[in-house]
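Just so you know, ligand 1 is whichever comes first in the structure, and atom 1 is the first atom listed for that ligand.
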Amino acid sequence: MHLAMIALIAGSTHFLVPLGYYVYLKRNLSKPWRLNLDYNFSPSVTIMIPTFNEASLIEKKLDDIKAQMLSAWRMEIILVDSGSTDGTAQIATEWSLRNPEVDFTVITESTRRGKAYALNTGLHHAKGDIFVMTDADSSWVQNSLTAITQYFSDSSVGAVTGLKQPLIIGAERGGIEPTYRSFYNIVRLAESKIHSTPVFNGELAAFRRYLLVKNGGFPTDVGADDSHAATLLALNGYRAIAIPEALIHEFTPSSRIGYLMWKKRRALHLVQHFVRSISDAWKASPNFRKVLRMETYLHVVNPWLLLMSFVIFLLSVMIDLLSPLNLGIILAALLTQVLKPTRRALRAWIIEQMMLLFGSLTGLFSRELVWGKIEELRSDS
Ligand code: GDD
Ligand code: MN
């Protein structure tokens, strides 16, 4: 077969499978939740913040959580700090003295073994029916926590997460992060309507505590602790959903290299999560099985088709630049650049694919279960 034809088939598969999935998801977006919610439900809640060197952000984060606490609730905050050298734990303890009405525990681990270990320490001390994890460098839109807890009034719900609204500091990078988020938020919601989404946002992720404990806590060998813990519950038949009423703000790194390294690590962690989950897909309900298989394909296999298509196309061009098929492919590629929305969407998509490829490759050498800080996210605030 002609090389350009092979490139075209691989490339078309790469783009058409996710597009088909997206169309299928959009059709499910308006479906009902099939949940019985009680808006007076008020379970006890543990909010857990793992920290490593978050001195510049931690007070604001604690104030933000306090602002969302309802006095009627039985709520506690647990902070587990892993050997910070910038005084994070002391600042948190001082905050606690100024806010004695808040049930707040600061636990310090002398060595840093990674976020998942800290989560498990927090889980061990937690008393709430619902265990909510959050990151120091994120905040929640008002009432997000209330909405999250209400969904647990249906006993089939095992885990609930929020959707992201990115905040960008520094230079605008062609709107890549907002484009990426608006697309993925639709995906997360529609998958949740179908049954469950296998991708959770650790900036606001809530779990029924006894189920987490039953599953042995958070996995310490998979970077995406949030998504993996939620998927394990979904594999056990519980719903693991993202809801539109809970919104998260997080900062996006402003330098290009910081942004790419940040995305690369997150991509690697998702690949680890899917590689680990897929062998248990047979356990899932038929609806979640479909979602899990497709997402695994999209994260683990599909990016390689794009690379393959690109390399084969380059070979084809080197052999015979002016073949009609080669010229046709070049023309089609140029056409995608004419309209701004397609240009932006394609750019965001391709960067994501590159991060999944790069992440998978670097994952052969390091799992990045303990990671470096993106300092620019913290220093500006
Ligand atoms: N205790 C403890 N120990 N906390 C840690 C450690 C650690 O070794 N490493 C990171 N943290 C804390 C950070 O202080 C922050 O509060 C939170 O964990 C998230 O770390 P970030 O450095 O902000 O990483 P991120 O923004 O990319 O995190 C996202 O991806 C992770 C997986 O790659 C979030 O979705 C996380 O929830 C997710 O685990
Ligand atoms: Mn972060």
Side-chain angles (χ1 to χ4, degrees), residues 47-58 60-62 64-65 77-86 88-89 91-92 106-125 132-140 159 161-164 166-167 169 177 181 184 188 199-207 218-230 242 248-254 258-274 299 355-356 359 362-363 366-378 380-381:
I47 296 174
M48 152 91 204
I49 322 168
T51 58
F52 174 70
N53 284 353
E54 300 287 9
S56 63
L57 296 175
I58 195 61
K60 193 169 159 290
K61 177 67 190 173
L62 290 166
D64 182 61
I65 293 177
I77 307 179
I78 298 180
L79 182 148
V80 179
D81 185 76
S82 307
S84 287
T85 50
D86 64 353
T88 303
I91 297 172
V106 178
I107 299 169
T108 49
E109 299 183 313
S110 50
T111 48
R112 183 182 183 203
R113 288 187 299 169
K115 183 190 160 200
Y117 280 95
L119 289 176
N120 283 331
T121 304
L123 184 60
H124 182 73
H125 287 86
V132 181
M133 66 156 89
T134 184
D135 294 346
D137 62 335
S138 67
S139 62
W140 309 330
T161 190
L163 298 177
K164 286 192 186 174
L167 292 176
I169 51 172
E177 193 64 16
R181 283 296 160 205
Y184 282 102
R188 300 285 82 88
V199 179
F200 258 48
N201 296 317
E203 295 79 5
L204 176 49
F207 303 83
F218 291 92
T220 49
D221 54 351
V222 176
D225 44 74
D226 39 11
S227 299
H228 200 63
I248 303 158
H249 284 160
E250 70 165 345
F251 286 106
T252 307
S254 58
Y259 178 72
L260 292 178
M261 294 320 285
W262 180 71
K263 277 191 88 72
K264 193 264 306 183
R265 169 175 46 80
R266 290 176 166 201
L268 162 62
H269 285 169
L270 284 178
V271 170
Q272 290 169 355
H273 154 54
F274 282 113
H299 283 83
M355 293 304 104
L356 284 165
T362 60
S366 162
R367 289 193 289 171
E368 290 197 65
L369 298 174
V370 175
W371 57 83
K373 286 265 106 134
I374 307 277
E375 289 305 334
E376 64 201 85
L377 280 183
R378 275 109 183 141
D380 266 15
S381 44

Heavy-atom pairs closer than 4.0 Å: do any link ligand 1 to the side chain of [X], the backbone, both, or neither?
X	result
A118	side chain
W371	side chain
V370	neither
K115	both

For ligand 1, which atoms, with element, lie under 4.0 Å from some heavy atom of [X]?
X	result
W262	26 (O), 27 (O)
D226	35 (O), 37 (O), 38 (C)
D225	39 (O)
D137	23 (O), 26 (O)
G114	3 (N), 7 (C), 8 (O)

Fill in: Residue from D135, V80, V370 passing side chain to side chain contact (heavy atoms under 4.5 Å, CB included) with K115
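Exactly one candidate clears the test, D135.
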Any donor and acceptor pair, going by atom type alone, linking the side chain of [X] with main-chain N or O of [Y] inside 3.5 Å?
X	Y	value
S138	H249	no
T88	E54	yes
N53	T85	yes
S227	F200	yes
S366	T362	no

Evaluate [X] for polar contact with ligand 1, using N/O atom pairs at a separation under 3.5 Å.
X	value
R113	no
F52	yes
A136	yes
V80	yes
S82	yes

Worksheet item: Have K61 and T134 got a donor and an acceptor in their side chains that come within less than 3.5 Å?
Response: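 Side chains of K61 and T134: pair found under 3.5 Å.
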Worksheet item: For S84 and D81, does a side-chain donor sit closer than 3.5 Å to a side-chain acceptor?
Response: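 S84 vs D81: donor-acceptor pair found between side chains.
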Item to complete: To the nearest 0.5 angstrom, please state how far the NZ atom of K60 sits from the CG atom of L57.
Response: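 Result: 7.5 Å between the selected atoms.
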Given [options], which has its nearest heavy atom closest to [atom]?
atom	options	value
atom 14 (O) of ligand 1	K263, E54, H228, M261	E54
atom 17 (C) of ligand 1	D81, N53, D135, T88	D135
atom 6 (C) of ligand 1	Q272, R112, E250	R112

Worksheet item: Who passes side chain to side chain contact (heavy atoms under 4.5 Å, CB included) against A267, sequence neighbours left out?
Response: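 M355, L356.
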Item to complete: Quick one: report the N, O or S atom of D137 that is nearest to the Mn ion (ligand 2).
Response: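 The D137 atom nearest to the Mn ion (ligand 2), restricting to N, O or S, is OD2.
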